[in-house]
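Quick notes on the structure that follows.
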Amino acid sequence: MTTGKTRKVLLLPGDGIGPEVMKPVAGLLAEMAARKLLSLEVREALIGGAAYDKTGHPLPPETVSLARESDAVLLAAVGGPRYDTLPYEHRPERALLGIREKLGAFANLRPARLFPQLANASTLKPEVIAGLDLLVVRELTGGIYFGAPRGIVTENGIRVGINTERYSEPEIERIARVAFTVARNRRRKVTSVDKANVLESSVLWREVVTRVGRDFPEVSLDHMYVDNAAMQLVRNPGQFDVIVTGNIFGDILSDEASQLTGSIGMLASASVGGRTGLYEPIHGSAPDIAGKDIANPSAMFLSLAMLLDHSLGEAGLARTLEQSVETVLGEGIRTRDIAEPGSRVVGCREMGEKISRVFWDLLEKGSAAK
Ligand code: IPM
Ligand code: MG
């Protein structure tokens, strides 16, 4: 039954496979509202190349204000080859950085968990990835992505590209707090990743994370240089529980971590810290397979699960949705990217229908059991 006030969710389908993977998830949300499972107001807006084509801007002001007045934003993917030659300010990626910044979503949570049903999908040996369950906590609104000065300048007739890695104490402190807080409900281990043997920004990072760690005596903390962390992730990923790191290291390590689980098409992320949470699959817009009904919508459903959990306080529904994805995998129903010998390969639309149907079945069973 519907409880509490109406919650506002904004959908941003974006580009490439974005609209395809969003469709079944939007359908499920609409059904949740229609069946009065939740009191929801769902809206949709433009972002990325799709927004640029219609309005001349990849992040129209209307999208920003709709996002700001929502409780949560669900974003599919942005970008495509058609936009690669646009000036930086007009590129779809700029919209992604812009919305993260405008929502103050400084903490990016990227879980990499191995679905046992997909143990053979990874390129790593099954014994290396068995039981893999780690979380990358990536700082998302600072570091070299946003630091000034930046740009391409000409000095004495020579062109120079400039970016600046910078982190202030409060920026480090707040991301460290998020990492230790989530670690408390996991295996209580934080690994902070930096390059403190070379970079001053990392020296400060290490110092502040260590200090924050003292407020969480039940959580263990160790530090690792980023080059070693990249190696350890493929050597022995089971040693990690929560990895906390800056923006660019987190970008790189979270892609690496995703591949441990077999398919980037399975992983969701949450960007939190502001009033409105932003949820997105970690995969991109995959223009090469767009419009062919072969994309995997699982990460989009799992992003909705993170949204239900973190922004709407519906942990129970989140678990049921995750379980629905697992059940469908367990039935051997797969999109092409995670197909195995003997599995039944379906398209994006059918995979979405299956996951939604199992969700309602599980809910019915759950309430019958009560
Ligand atoms: C990601 C992406 C983005 C990033 C790009 C598309 C701007 O790689 O979400 O990891 O670097 O943050
Ligand atoms: Mg990335």
Ser269 side chain to Glu280 main-chain N or O, any donor-acceptor pair under 3.5 Å? yes

Taking everything shown except Glu200 itself, do over 12 heavy atoms lie less than 6.0 Å from its CD? no

Taking only residues at least two apart or on different chains, which pairs with a member in residues 20-31 satisfy side-chain hydrogen bond (donor to acceptor under 3.5 Å, both in side chains)? Glu31-Arg35, Glu31-Trp360

Answer yes or no: is there a donor N or O on one side and an acceptor on the other, between the side chain of Arg91 and the main chain of Asp84, under 3.5 Å? yes

Any pair counted as side-chain hydrogen bond (donor to acceptor under 3.5 Å, both in side chains), so long as it reaches residues 226-244, sequence neighbours left out: Arg186-Asp241, Lys195-Asp227, Asn228-Gln232, Gln232-Arg235, Gln232-Gln239

Rounded distance [0.5 Å steps], CD in Glu169 versus CZ in Arg211: 5.0 Å

Going by the rule salt bridge (Lys or Arg N to Asp or Glu O under 4.0 Å), which residues pair with Glu171 if we only count those two or more places apart in sequence or in a different chain? none

Considering residues at least two apart in sequence or located in another chain, which fulfil the side chain to side chain contact (heavy atoms under 4.5 Å, CB included) criterion with Lys54? Leu46

Answer yes or no: are there more than 12 heavy-atom neighbours, outside Glu62 itself, under 6.0 Å from its atom CD? no

Quick one: ring-ring contact (aromatic ring centres under 6.0 Å, His included) pairs with a partner in residues 79-135, sequence neighbours left out? Tyr52-His90

State which residues pass salt bridge (Lys or Arg N to Asp or Glu O under 4.0 Å) with Glu89; sequence neighbours excluded, sorted by chain then number. Arg94

Other ILVMFWY residues reachable from Val153 by side-chain steps of under 4.5 Å: Val160, Ile162

Closer than 3.5 angstrom, by distance alone: can the side chain of Ser65 be matched with the main-chain N or O of Pro61 as a donor-acceptor pair? yes

Is a side-chain N or O of Asp71 found less than 3.5 angstrom from the main chain of Lys8, in a donor-acceptor match? yes

Ser70 backbone acceptor or donor facing Thr276 side chain under 3.5 Å: yes

Side-chain heavy atoms under 4.5 Å apart, restricted to Ile/Leu/Val/Met/Phe/Trp/Tyr: what other residues fall into the cluster of Leu75, or is it alone? Leu10, Leu12, Ile47, Leu59, Val64, Leu66, Val73, Val78, Leu96, Ile99, Leu103, Leu278

Donor-acceptor pair, Asp194 side chain versus Tyr225 backbone, under 3.5 Å? no

Under a 3.5 Å cutoff, is there a donor and acceptor pairing between the side chains of Ser254 and Arg110? yes

In terms of hydrophobic clusters joined by side-chain contacts under 4.5 Å, are Leu40 and Leu321 together? yes

Sole residue of Ser303, Ser311, Ser271 in side chain to side chain donor-acceptor pair (under 3.5 Å) with Tyr279: Ser311

Arg177 CZ: over 12 foreign heavy atoms closer than 6.0 Å: yes

Salt bridge (Lys or Arg N to Asp or Glu O under 4.0 Å) with Glu322: which residues, sequence neighbours excluded? Arg319

Backbone N or O of Tyr145 within a donor-acceptor pair of the Arg150 side chain at under 3.5 Å? yes

Kindly write out the residues that satisfy side-chain hydrogen bond (donor to acceptor under 3.5 Å, both in side chains) with Ser298, not counting sequence neighbours, or none if the list is empty. Asn296

Is a side-chain N or O of Thr164 found less than 3.5 angstrom from the main chain of Pro149, in a donor-acceptor match? yes

Residues forming a side-chain hydrogen bond (donor to acceptor under 3.5 Å, both in side chains) with Arg188, sequence neighbours excluded: none

Can you name the salt bridge (Lys or Arg N to Asp or Glu O under 4.0 Å) partners of Arg43, sequence neighbours left out? none

Judged by atom type as modelled, is there a donor-acceptor pair below 3.5 Å linking the side chain of Thr261 to the main-chain atoms of Ser258? yes

Side chain to side chain, Trp205 and Val244, heavy atoms closer than 4.5 Å: yes

Looking only at atom types and distance, does a side-chain atom of Asp15 sit under 3.5 Å from a main-chain N or O of Ala50, one as donor and one as acceptor? yes

Residues His223 and Thr210: side-chain donor-acceptor under 3.5 angstrom: yes

